[in-house]
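Reading through the structure tokens given below for one structure.
Labels below follow one simple rule: chain letters A, B, ... track the order of the sequence lines, proteins then strands, and each chain is numbered from 1. Scope of the values below: all heavy atoms of this structure, side chains included, with no hydrogens, waters or symmetry mates.
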Amino acid sequence: MLRNDLQTLISVALEALIAEGKLPEAVRVVPVEVSDTKSPDHGDFACNFAMVASKKAAMNPRAIGELLASTLATKTSVFAGVEIAGPGFVNLRLQPTYISAYLEGILQAGQAGVAQLPPTGEKVNIEFVSVNPNGPITVGSGRGASFGDALSRVFKSAGIEVHKEYYINDGVNSEQMRLFAESVRHFYRQSLGLESVFPDKGYRGEYVQQVAARLMELEGDSQGDAEASWFQSKSQDLMIERQRNDLGLFGVTFDTWFSEQSLHDSGEVLRCVEELKSKGVADEEPYRTKLKLGKGGVVEEVIKEAQTDQMEEDGDEAEGVTVEDSQASSTNKTLWLRSTKFGDDMDRVIRRKDGRLTYIASDIAYHKDKFNRPAGASKLYTVLGPDHHGYIGRLTAVLAALLRKGPDTDENNQEALNEAKAKLDVVIFQLVRFLKDGKPAPMRKRDGNIYELRDLIEELGAAAAPNSSKEEQKIKGRDVARFFYLMRSHDTAMDFDIDLATKQSDDNPVFYVQYAHARICSVIDKAKEAGIQLGDQVNSSVLVHARELALIKKILDLKTEVERISKDHGVHRLTTYAIELARTYHNFYDVCRVVQPDEPELSKARLALCEAARMALSGTLDLLGISAPRRLDREA
RNA sequence: GCGGCUGUAGCUCAGUGGAUAGAGCGCUUCCCUCCGGAGGAAGAGGCCGUGGGUUCGAAUCCCACCAGCCGUGCCA
């Protein structure tokens, strides 16, 4: 890459200066950074080394800059000029042919290589969406889905092996699932004309009735007297299938759909619980530790409270799972995970007095198991919505408890906690609000219906391509929805402006980017008609125009973006990059005519540049999970 | 009480500790002998919430405060 190559050149120059004794050894630890310049007056790139190293070298920054500049200036094939400016910037003005020569590398690497970094050997598991199997994928989950999927794509592009995972909360005795199943049962019986009472606090949404209708289709009318457990298992499967379809419509797929219940069935949960007991991080002593935390998470007070019967009623453990195993239910004591040893603000219940296990118990087994996908995974990412903020502490504590080695000492516990923090990254995305006619649109309606992701996709698709087929509308809707979700940092609350998203015109940034791609394709076609072909030998050195060079530099930036985003998860910057790349292309197009039959060499080189820009645009859109159409037609 | 997020142009928002803080929309102009005008160029518009600190240098990092959104405690 261009930037890396410049960094290397500077590092080599610095080494030479150190060897000659002109710079002290101490500056070796100062990192070399190459940054963009704001104004073309400052050259192509700038290096701030002189200012940063000034203190270490005990030298005036301009003096360091002079040394560096005069050394670099001898590389006349690379630099057209190296100047000191301002407080000590070394401004690098590159030879146009040095920049344009990079075009050949881009073309050789091809579409697959335009954003691809070499393998790092790192392996990660990323879990996202994971909504309960008692409802559809909502527009709220859409944010997590687009973010998690795009982040996975960026990881892969950054040379990291990725396993995408969806966790199904299908523990058999969850209260929510029971209610959901009874609601389905009610609608099923009702349609048979059987007597039925709608369950208290049951689910009324249209999708519940659709599940009942689908059951009728698949199983006929013979199940009117079937038990709730039958309905639970069947409706759950149908709901998961629907979730999978909706996510597929959105372009999101998973490598594994992992069943919570499978961990109970295999006995893995109980094995893990025993393991924690034998390690001494879980016990049945009748007390709970709570930490009163002050500012910055400092422990102000440790409260050790005796267990009362009332504690058993705590709401946060309400979604328990009954274990049929007699040995588990035979005990009459609460089993505590001493998570306060690992940074949690209170101990958590693993198993209640009556033998029911809480979801913490499954989380323990699940997190242990996750490291197997991909085999030897070194890091787990969990993408959660804004209401799950409280999970960070307890999930980290769960993992730390698993990882703890040696006896129960503060040092060992702290070390385990540090390791857990390094291996588990819980990424919380913030709230998304939908605006329609300038007003917030309700996510959950009074009649029990839910604003579903599939509704959003259809709505956006129909607006973007009113005369197209349903299939094309779905693609359009998906493209617009994903782009809008990803325009803002996952870390900040966003407004999704449906009115703007439904515009098929200038204002809509998705089409601005896709238009640039379509425009390039059109130019390539036109060139072909004029007898100028891609794939011919290209002399890139004829590309010396400022707009041509700016475009090449912008294309090369894609890998820099990928590398950075793989570290800080700022996926939204890809949308900014896509817009900037499109703009840089339009700038080029406006001034540099590609197809010029009387200038065959220049035409070929510019055509090659068009293809490189096309690959970069297409590659960026692919990272976002958005299509790169060859044509874009405005519809009435 | 504790935690998270936000505060940048009239509006919606970008912004890697760096030089004169950017884009889109809106507003005022301009560019089709033309490869797709869903395009391009120019202009007006800013105490970067407030006050301290760190730094050669802060919209960016740290602390305090103000305002807003969201989550979640304790008193049991």
Given that A:L500 and A:I524 both sit by RNA chain B, which one's nearest nucleotide is further toward the 5' end?
->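 Looking at the nearest nucleotide for each, A:L500 comes out on the 5' side.
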Map A:T560 and A:V523 onto RNA chain B by nearest heavy atom, then report which one ends up closer to the 5' terminus.
->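 Result of the comparison: A:T560.
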Would you indicate which nucleotide in [options] comes nearest to any side-chain atom of [X]?
X      : options             : value
A:F89  : B:C34, B:A19, B:A14 : B:A19
A:H42  : B:U6, B:G18, B:A19  : B:A19
A:A46  : B:A14, B:A38, B:A19 : B:A19
A:D41  : B:G39, B:U20, B:C5  : B:U20
A:M51  : B:G18, B:A19, B:G36 : B:G18
A:R573 : B:U12, B:C35, B:U16 : B:U16
A:K38  : B:A38, B:A19, B:C5  : B:A19
A:N91  : B:G36, B:A19, B:G3  : B:A19

According to the Watson-Crick and G-U wobble definitions, with both distances under 3.5 Å, which nucleotide is paired to B:U50?
->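 Partner of B:U50: B:A64.
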Using purine N1 to pyrimidine N3 plus N6-O4 or O6-N4 for Watson-Crick, or N1-O2 and O6-N3 for G-U wobble, both under 3.5 Å, which nucleotide pairs with B:C25?
-> B:G10
NA contact type, A:C47, heavy-atom cut-off 4.0 Å: base, sugar-phosphate, or nothing?
->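 Since no nucleic acid heavy atom lies under 4.0 Å of A:C47, the category is nothing.
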Which atom pairs link the protein and nucleotides 40-42 of chain B when you take only N or O atoms and keep those under 3.5 Å?
residue : atom : partner : partner atom : Å
B:G40   : OP1  : A:Y512  : OH           : 2.7
B:G40   : O3'  : A:N587  : OD1          : 2.9
B:G40   : O2'  : A:D590  : OD2          : 2.3
B:A41   : OP1  : A:N587  : OD1          : 2.8

For residues A:L23 and A:M59, determine if any side-chain heavy atom of one lies less than 4.5 Å from a side-chain heavy atom of the other.
-> yes
A:S141-A:T138 side chain donor-acceptor pair, cut-off 3.5 Å = yes
Does a salt bridge link A:E563 with A:R3, judged by any charged N lying under 4.0 Å from a carboxylate O?
-> no
Short side-chain N/O contact from A:R634 to OP1 or OP2 of B:A38, under 4.0 Å = yes
If you draw a 6.0 Å radius around NZ in A:K553, do more than 12 non-hydrogen atoms from other residues or ligands fall strictly inside?
->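 Enclosed.
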